[in-house]
Structure formats: structure tokens, C-alpha cells
Asks: 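My questions all concern the structure below.
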Amino acid sequence: MEGPFYAKGLRFSCSRCSACCTGEPGHVFLSSSDIKRLSAAFGVGEQTFYERYCRLIDLGDCHAVSLTEKTDNSCEFWGDEGCTVYGARPVQCSSYPFWSTVLASEESWNEEAKSCPGMRNGDLHSRIAIEEALYARRAAGIIRIDRDDAKLPRKLAINRYLGH
Ligand code: SF4
């Protein structure tokens with residue numbers, strides 16, 4: 001049958017192992033719509049949310065905005081009961097594991113599954129559902145701050161990227 005290796009769907013249900021929210025240092029990159037949704041969930045302005053919970057990550061040609069981490073490397077929003085912002089979580093989180101890098105080939109899917117017990121188990125996601133998650137992340141994008149703007153004071157650095 002023609003089509004991607006996931007044409008008949010893929011199985012995934014989060015096992016709540018916490019591996020992708022805790023453990024090794026990592027990045028949860030944000031789009032402007034992520035910041036809008038999360039700040040609304042907290043009932044604070046987007047600027048306030050950025051100042052409290054975000055950091056800039058140097059990507060070489062630009063800077064991206066990521067959630068901060070606690071000192072044990074867990075996500076700022078990881079709590080005893082799991083993700084404390086689950087309903088408003090970033091698209092990077094809600095679209096996992098249906099990322100372009102993971103779906104690049106069956107080999108990359110199987111490689112990722114070695115560190116995620118929820119993959120290859122649980123609910124069957126159709127090709128359409130998988131591609132909706134894939135395109136949702138692509139459409140949302142991430143905030144990319146010009147190198148020169150990243151040198152500005154924090155408030156100025158983010159303002160223009162939030163559409164203010
Ligand atoms: S926002 Fe929630 S789902 Fe995403 S990494 Fe943090 S705790 Fe995990």
C-alpha cells in the first residue's frame with residue numbers, strides 16, 4: 001500500500017511515566033498562541049507569563065522561547081499529579097509523539113518508542129488524526145527572536161513577537 005508507514009494508524013496512549021516532563025534537561029518551545037492560551041489559563045497577561053515562566057534559548061541564528069525548568073530539570077508545570085496545565089499545555093506537548101522528526105520513518109518511530117512506553121500501545125490514532133497533530137504543530141510554529149532583539153531588555157525582546 002502506498003503512503004507513509006503510519007497509513008494504517010499508530011498506537012499511542014500516554015502512560016504517565018513522566019519521562020518527557022522530567023529527567024534530562026530539555027526544551028518546551030512555545031508559539032505565540034501557546035503563550036496566549038497559557039497566560040489566559042493563569043489569568044495573567046502574556047508579558048507577565050513570559051517573565052515568570054519563559055527563558056530564551058540560543059538556536060544559533062535566532063533565539064527561541066522555552067518554558068523554564070525547576071532545579072531538578074523537571075518542567076516548570078510538572079506536579080505530583082502530572083501536568084498542572086494539561087488543558088492548556090503547549091502544542092509541542094499535545095502533539096507528541098506525532099512530530100515530523102519522529103514520523104520521518106518507521107525506524108525513527110521505533111527508536112523514539114524505546115524511551116516512551118506509551119508508543120506502540122493504547123489507542124489507535126488514524127492517519128488523519130496523526131497528520132492533524134503534525135500540521136497543528138507546524139502551523140503553530142515557535143517564536144523565533146532575532147539575535148539583535150534578544151539583547152534588548154526582556155520586556156522589549158518579547159513584545160513585538162507577541163503582537164503588541
Ligand atoms: S507543559 Fe505539561 S505536558 Fe508539557 S512538558 Fe510541562 S508538564 Fe509536561
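Values in this document were obtained by computation on a predicted structure and should not be read as measured data. Just so you know, ligand 1 is whichever comes first in the structure, and atom 1 is the first atom listed for that ligand.
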Asks: Tell me whether the centres of the aromatic rings in F77 and Y86 are closer together than 6.0 Å.
Replies: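 Ring-ring flag for F77/Y86: false, centres at least 6.0 Å apart.
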Asks: Taking the six-membered ring for Trp, is the centroid-to-centroid distance between F98 and Y6 below 6.0 Å?
Replies: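 No, they do not, as the ring centres are separated by 6.0 Å or more.
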Asks: Return the closest protein heavy atom for atom 4 (Fe) of ligand 1 as residue, atom name and distance.
Replies: C93 SG, 2.3 Å
Asks: Give a yes or no on whether a salt bridge exists between D34 and R89, defined as a side-chain N under 4.0 angstrom from a carboxylate O.
Replies: no
Asks: With atoms numbered from 1 as shown, which atoms in ligand 1 lie under 4.0 angstrom from a non-hydrogen atom of V28?
Replies: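 With V28 as reference, the close atoms of ligand 1 come out as 5 (S).
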Asks: How far is atom 2 (Fe) of ligand 1 from its nearest protein heavy atom, and which residue and atom is that?
Replies: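 Its nearest protein heavy-atom neighbour is C83 SG, 2.3 Å.
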Asks: Check each of A88, C21, S94, C75 against atom 8 (Fe) of ligand 1 and report the one with the nearest heavy atom.
Replies: C21
Asks: So, for S108 and L103, which heavy atoms are closest and what is the spacing to 0.1 Å?
Replies: OG-C, 4.2 Å
Asks: State plainly whether the residues K36 and E46 are in salt-bridge range, i.e. N to O under 4.0 Å.
Replies: yes
Asks: Any idea which atoms of ligand 1 are less than 4.0 Å away from a heavy-atom of P90?
Replies: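 Result: 1 (S).
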